[in-house]
A.B. asks: 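One structure, pasted below without further comment.
Labels below follow one simple rule: chain letters A, B, ... track the order of the sequence lines, proteins then strands, and each chain is numbered from 1. These numbers come from the heavy atoms of this one structure, side chains and all, not from hydrogens, waters or symmetry mates.
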Amino acid sequence: MLAKRIIPCLDVNAGRVVKGVNFVELRDAGDPVEIAKRYDDQGADEITFLDITASSDDRDIILHIVEAVASQVFIPLTVGGGVRQVDDVRRLLNAGADKVSMNTAAVNNPQLVADASARVGAQCIVVAVDAKQTSPGRWEVFTHGGRKNAGLDAIDWARKVESLGAGEILLTSMDRDGTKVGFDLALTRAVADAVGIPVIASGGVGNLQHLADGVTQGRADAVLAASIFHYGEFTVRQAKEYMRTRGIEVRL
Amino acid sequence: MSKVVVVDYGMGNLRSVAKAIEHVAPTAEVRVSSAAAEILAADRVVVPGQGAMPDCMRELSARGLRDAVIRAAAEKPFLGICVGLQMLFGHAEEGDVMGLEILPGRVPRFPEAAMVAPDGSRLKVPHMGWNQVHQAEAHPLWDGIADDARFYFVHSYYVEPQDPDVIAGSTHYGIPFTSAIARANIFAVQFHPEKSAQAGLRLLGNFMRWNP
């Protein structure tokens, strides 16, 4: 049976792993290559890098990081942040990424999803959907790291990117990100049920039960977390062992 | 020193395959190449592949590599990965194209109707993530790898060999499907050993030591 995936996420700023609360207040969490290797040793199923580097001068740093990680860590790597054109996708894949995630650029130019998917294959294209609840049962898409409302219904947008050729959706609740109170399970379930491609739940994990709930109640195919792993609260292996006790299929 | 060529036909993440082989076989000469002569001169050949089957077949022909790959599959230790497995067969549902027809069989898409999990939820396509590979037979490439070990998959199509004797491994996702095949000097897998942590590295190491 296919295992549910646990994906540690590394937010990278100018070459360092950082973690913020509600997308602000960044704290240093360490060296990306070292952290990626540690997660691989712990049994992480994939690793996601989100490049949040603001300065365009430092943009190429992520390529070097991906190269360094890909020559030492032999599990899938997803990289997102600052992807604006098909050429950015190709450069990241050539550096050793397996999947490339896009958010703002996809909203601004949905054709980019279609073009990138046609060029490199749907399996390499992840669309990151940052959603915020605007009324009961309704979530809207935000871009620019959560600052700008795109005026799109999150579920409609998820269906749209699937039809454009996305191979996977990385769904982040902007309300929950950094809060440690758990995933927005209603949002996760709504999107996971709406699309035929895998959905990664993200935003709000504070304990191992939250990860399991994302799968059992949110019906996510994979769960992503950052801070609970970075600061040594839990290892990826502990998370998997816990999920197994909850009857979830994991790779151990 | 063993010389292995990773065939470059412009599709997929070749660097990962080359890096993983370098990792398990530090003394081997690993080349990523799109030169037919180099493929023909290699001791071992790896054909990776990602993306759409029609694009892969078109690029293979456009680069004049079709015959070299067919010759390699006839003569040398040959490892196909993902589309590198699918292209060994005949008709592919994706794009309605023919593969290299080295092995009889076809390449259908996961049938929508069968994509239901035991709990009634929908199984997503692509089949993406770590799934178990049941070893249908003992084979040098399975050496040291536990039966039902997990490997990393990402695909929407799978191979359906006409001859059940070539099946070396199978996996269940909505339906049982062939996830590895072996015939003489050919071994090919649907999953990505270069992304499958220890089990994958072991398989690549086994390939580098294999003398069929």
A.B. asks: Any donor and acceptor pair, going by atom type alone, linking the side chain of B/Lys124 with main-chain N or O of A/Ala192 inside 3.5 Å?
C.D. replies: yes
A.B. asks: For the NZ atom of A/Lys99 and the CE atom of B/Met128, what is their distance to the nearest 0.5 Å?
C.D. replies: 4.0 Å
A.B. asks: Select one option (side chain, backbone, both, neither) describing which atoms of B/Asp148 are under 4.5 Å from chain A's heavy atoms.
C.D. replies: neither
A.B. asks: Counting heavy atoms not belonging to A/Arg244, are there more than 12 under 6.0 Å from its CZ?
C.D. replies: no
A.B. asks: Can you pull out the residues in residues 213-221 of chain A with any heavy atom less than 4.5 Å from chain B?
C.D. replies: A/Arg219, A/Asp221
A.B. asks: Can you tell me which portion of A/Glu168 sits under 4.5 Å from chain B's heavy atoms? Options are side chain, backbone, both or neither.
C.D. replies: side chain
A.B. asks: Counting only heavy atoms not in B/Glu101, do more than 12 fall under 6.0 Å of its CD?
C.D. replies: yes
A.B. asks: Please flag which part of A/Val250 lies under 4.5 Å from any non-hydrogen atom of chain B: side chain, backbone, both or neither.
C.D. replies: backbone
A.B. asks: Taking all non-hydrogen atoms of both residues, which atom of A/Pro198 and which atom of B/Pro126 are closest, and how far apart?
C.D. replies: CG-O, 3.9 Å
A.B. asks: Where does B/Ser121 contact chain A at under 4.5 Å (heavy atoms): side chain, backbone, both or neither?
C.D. replies: both
A.B. asks: Might you point out which heavy atoms bring B/Trp130 and A/Pro76 nearest each other, and give the distance in Å?
C.D. replies: CZ2-CD, 4.2 Å
A.B. asks: As an exercise: rank A/Gly121, A/Cys124, A/Ala3, A/Gly196 by heavy-atom pairs under 4.5 Å with chain B and give me the winner.
C.D. replies: A/Gly196
A.B. asks: How would you list, in number order, the residues of residues 149-157 of chain B that have a heavy atom less than 4.5 Å from chain A?
C.D. replies: B/Arg150, B/Tyr152, B/Val154
A.B. asks: Please flag which part of A/Arg5 lies under 4.5 Å from any non-hydrogen atom of chain B: side chain, backbone, both or neither.
C.D. replies: side chain
A.B. asks: Could you measure the distance from the NE2 atom of B/His192 to the CD1 atom of A/Ile75? Nearest 0.5 Å is fine.
C.D. replies: 14.5 Å
A.B. asks: What residue, out of B/Arg122, B/Glu22, B/His172, B/Glu112, has the most heavy-atom pairs lying under 4.5 Å from chain A?
C.D. replies: B/Arg122
A.B. asks: Return the minimal non-hydrogen interatomic distance between B/Ser16 and A/Gly96, and the atom names on each side.
C.D. replies: OG-O, 4.0 Å
A.B. asks: If you apply the rule side-chain contact (heavy atoms from CB on, under 4.5 Å), what do you find for A/Leu77 with B/Lys195, and how did you get there?
C.D. replies: CA-CA 9 Å; A/Leu77 307 174; B/Lys195 288 289 159 181; 4.3 Å; yes
A.B. asks: Please classify the contact of B/Ala197 with chain A as side chain, backbone, both or neither, using a heavy-atom distance under 4.5 Å.
C.D. replies: both
A.B. asks: Supply the atom-to-atom distance A/Leu2 CG to B/Gln132 CD, rounded to the nearest 0.5 angstrom.
C.D. replies: 10.0 Å
